[in-house]
Amino acid sequence: MRTDFIRVYKSVHTWTGIVAGLALFIAFYAGALTVFKEPLQRWSAPPAAGVEATPLAAAPELIARTLAAHPQAAEGFSLHLVAAEHRAGRLSWEEHEPGADDHDELAGRRMAAVLDADGSLRSAEADGSRVAEFIDVLHRVVGLPVDSDEHRWLMGAVCVAYVLALVSGVVVLLPTLVKDFFALRLGRNLKRMWLDAHNVVGIVSLPFHLLMALTAVGFAFHDGIYALQDRLLHDGRLGATFAPPRSGDASAVRDPAAMLAPALLVEKARALAPGFEPTMLQYARLDGPRPTVRIWGRDAATLSPRVPGGFAVLDPYTGRVLSTDYLPKRQTAAFTVISTVFALHFATFGGTPLQWMYFVLGLAGAWLFYSGNLLWVESRRKARRGDVPLPAQRRDVRAMAALTVGVALGCVVGISATLVAGKWLYGRVEDLTLAHQLVYYAVFFGAIGWAFVLGAARASVHLLWAAAAATAAIPATTLAAWALPALGLWAHGSGAALGVDLTAAAGALVFVVLARATARRVRVGAEDSVWSGRAAAEAASGPAAAA
């Protein structure tokens with residue numbers, strides 16, 4: 001392959017990676033955690049009466065009383081069939097401000113309702129931590145605070161650059177792929193070792209990265225894609241294709257009291273697909289011409305089209321089946337393909353072992369972007385020749401090193417800190433969701449500032465120790481809840497919640513090892529590197545480096 005051709009692709013790979021790398025680090029690190037979004041929700045949820053307080057047989061009365069007290073819930077509410085720590089009631093719904101983005105998980109008030117022992121309704125805002133949703137938002141919009149259309153478009157643009165970086169990286173590596181694929185040359189040449197590791201991780205995980213990149217582009221621009229498809233292929237009738245059919249006379253006034261019992265709807269769904277186990281009934285537009293109930297659930301023998309599982313759409317008044325497009329084992333070939341793409345992105349198949357594989361691949365992806373930036377920095381080092389004084393490193397190189405350390409480690413420390421804050425601030429602040437955002441961004445931007453003030457070398461040691469401390473605080477908070485009940489904390493004994501503590505403890509140990517290794521590199525590493533403590537000290541105290 002021609003050298004000049006390779007040089008062009010290497011330049012494309014370098015600059016698309018630099019532009020997208022830091023945003024993608026946040027997306028991948030947060031995304032790795034949201035593979036276990038439900039355990040995070042369960043760990044952070046305060047104790048509540050929950051689903052078990054109202055038996056399923058009493059659900060019709062619960063629905064009727066809730067709609068009488070909160071008519072706006074008729075637009076949409078969920079009836080939960082499975083108990084868990086993060087479910088504050090058998091029935092829940094969202095209340096959004098007019099004009100709010102329905103895609104934003106943090107925009108509305110989350111409400112929950114149960115029936116007390118005497119049959120009276122008890123409803124209130126479910127004021128528990130929404131930190132898992134916040135981490136998911138960071139993943140979906142590359143670290144921005146709100147999941148809006150504009151931010152999703154930015155995510156899509158980042159992922160387009162991501163695809164270019166992947167393809168150009170493969171082209172650059174092709175001439176030496178056979179020789180260097182499994183090469184991991186350990187020794188004194190740290191740059192060569194990091195480059196080998198970067199290449200191996202990139203090639204091995206290439207199918208995973210291409211899948212994540214292409215599906216993320218689709219998620220970001222799907223509204224525009226559907227609008228163009230509607231205009232060019234469907235003559236403006238695409239929306240009617242996806243709308244549920246009318247369930248009767250559009251002028252009829254619906255009485256929710258006439259709906260079928262939830263237990264009967266559950267049995268109808270089970271009969272549609274043997275092996276399908278319902279977990280939630282999601283009602284919508286009960287007083288309109290197209291009332292529906294989505295019966296969500298999972299089938300252990302097949303993939304799930306969405307994170308909550310698959311679903312069948314029924315008429316809640318008659319039980320008539322309106323759609324099985326997203327019901328496992330009842331999908332058409334076209335919908336099976338679409339569902340497979342979603343399942344491959346969200347890891348909603350293969351059970352827990354597959355989720356752990358995605359978790360590891362997500363963390364490896366975050367490291368891939370981090371290492372790519374470090375290789376860019378090292379490749380532009382001004383090397384010392386002989387006994388001459390240490391050369392001043394370029395300002396842009398020092399700035400990129402500081403930005404890489406600050407953004408990456410600021411994200412890590414910020415996520416751990418805001419996760420812990422969910423328990424410590426519960427009941428002590430008025431708006432816990434806002435508190436989560438303030439904690440994360442204060443730590444995140446503080447880390448970036450610290451890296452620029454001290455330089456990448458010394459700041460990386462401090463921030464790695466901070467990452468270890470903040471991550472260790474997760475299991476420490478659980479231990480404090482068990483040992484000191486007066487603190488007002490809580491600890492759940494489920495396997496999901498305990499799994500969060502054990503994983504965080506292991507992560508804290510990894511950060512301790514990295515902090516010690518980084519401190520040693522700063523002390524005894526090459527003095528002409530931006531990662532040298534001596535070079536960093538001279539840069540901070542001496543004259544400005546050459547631009």
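Heavy-atom basis, side chains included; hydrogens, waters and symmetry copies ignored.
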ask   = Any sub-3.5 Å donor-acceptor pair from Arg110's side-chain atoms to Glu125's backbone N or O?
value = no
inquiry  = Between Tyr29 and His139, is there a side-chain donor-acceptor contact under 3.5 Å, judged purely by atom types and distance?
reply    = no
Minimum heavy-atom distance Val512-Ala468, with the two atoms named = CG2-CB, 3.8 Å
Step-by-step side chain to side chain contact (heavy atoms under 4.5 Å, CB included) determination, Tyr358 to Met212 = CA-CA 11 Å; Tyr358 267 57; Met212 294 298 108; 4.1 Å; yes
Test item: side-chain donor near acceptor, His492 and Trp43, under 3.5 Å = no
ask   = Between Phe342 and Arg306, is there a cation-pi geometry (under 6.0 Å to ring centre, at most 45° from the normal)?
value = yes
Test item: Lys37 and Val307 side chains (from C-beta on) under 4.5 Å apart, heavy atoms = no
remark   = So ring-ring contact (aromatic ring centres under 6.0 Å, His included) across residues 412-443, not counting sequence neighbours, yields Phe134-Tyr440, Tyr426-Trp490, Tyr440-Phe444
request  = Calculate, to the nearest 0.5 Å, the distance between atoms OG and CH2 belonging to Ser123 and Trp93 respectively.
outcome  = 5.0 Å
query = Is there a donor-acceptor pair closer than 3.5 Å between any side-chain N or O of Thr348 and the backbone N or O of Ser304?
reply = yes
query = Is there a side-chain contact between Leu368 and His209, using heavy atoms and a 4.5 Å cut-off?
reply = yes
request  = Using modelled atom types only, decide if a donor and an acceptor are shared between the side chain of Ser460 and the backbone of Ala457 within a distance under 3.5 Å.
outcome  = yes
inquiry  = To the nearest 0.5 Å, what is the distance between CZ on Arg87 and CD on Gln41?
reply    = 8.5 Å
task = Please lay out, stage by stage, how Glu95 and Met111 fare under the test side chain to side chain contact (heavy atoms under 4.5 Å, CB included).
result = CA-CA 7 Å; Glu95 293 184 354; Met111 306 292 292; 3.9 Å; yes
request  = Could you tell me whether a side-chain N or O of Thr503 sits under 3.5 Å from a main-chain N or O of Gly499, the two making a donor and an acceptor?
outcome  = yes
request  = Flag the pair Phe36 / Trp356 as yes when at least one side-chain heavy-atom distance between them is below 4.5 Å, and no otherwise.
outcome  = yes
request  = Measure across Lys423 and Ser44 and return the closest heavy-atom pair with its distance rounded to 0.1 Å.
outcome  = CE-CA, 4.3 Å
inquiry  = Give me the atom names and distance for the closest heavy-atom approach of Leu419 to Val131.
reply    = CD1-CG1, 3.5 Å
ask   = Hey, does Val407 have a side-chain heavy atom less than 4.5 Å from the side chain of Ile448?
value = yes
request  = Would you name the heavy atoms of Thr478 and Asp501 that are closest together and state the gap between them?
outcome  = OG1-OD1, 2.9 Å
query = Do Leu214 and Val217 come close enough that some side-chain heavy atom pair is under 4.5 Å?
reply = no
inquiry  = If you count heavy atoms of other groups shown closer than 6.0 angstrom to CD of Glu150, is the number above 12?
reply    = yes
task = Might you point out which heavy atoms bring Gly422 and Leu432 nearest each other, and give the distance in Å?
result = O-CD2, 4.0 Å
ask   = Quick one: are Arg42 and Ser494 in side-chain contact, heavy atoms under 4.5 Å?
value = yes
request  = Go through Phe369 and Tyr162 one step at a time and tell me if the side chain to side chain contact (heavy atoms under 4.5 Å, CB included) criterion holds.
outcome  = CA-CA 10 Å; Phe369 305 119; Tyr162 176 24; 3.8 Å; yes
ask   = Checking salt bridge (charged side-chain N to carboxylate O under 4.0 Å, His left out) for the pair Glu133/Arg140: CA distance, chi angles, key distance, verdict?
value = CA-CA 10 Å; Glu133 288 96 331; Arg140 291 201 301 266; over 6 Å; no
Heavy-atom side-chain proximity of Ser148 to Arg152 below 4.5 angstrom = no
inquiry  = Let me confirm one number: the OG1-CD1 distance from Thr471 to Ile415, rounded to the nearest 0.5 Å.
reply    = 9.5 Å
ask   = Where do Leu24 and Tyr370 land on the side chain to side chain contact (heavy atoms under 4.5 Å, CB included) test, with the steps shown first?
value = CA-CA 9 Å; Leu24 289 169; Tyr370 183 74; over 6 Å; no
remark   = Note: Ala421 and Val439 closest approach over all heavy atoms is CB-CG2, 4.2 Å
remark   = d(Leu425 CG, Leu438 CG) to nearest 0.5 Å is 10.0 Å
request  = Using the six-membered ring wherever Trp is involved, compare the ring planes of Phe346 and Phe219 and label them parallel, tilted or perpendicular (cut-offs 30° and 60°).
outcome  = parallel
task = Measure the CZ-CH2 distance between Phe221 and Trp153 for me, rounded to the nearest 0.5 Å.
result = 9.0 Å
request  = Calculate, to the nearest 0.5 Å, the distance between atoms CG and OG1 belonging to Leu344 and Thr215 respectively.
outcome  = 8.5 Å
inquiry  = Side chains of Leu489 and Trp482, heavy atoms from C-beta outward: is any pair under 4.5 Å?
reply    = no
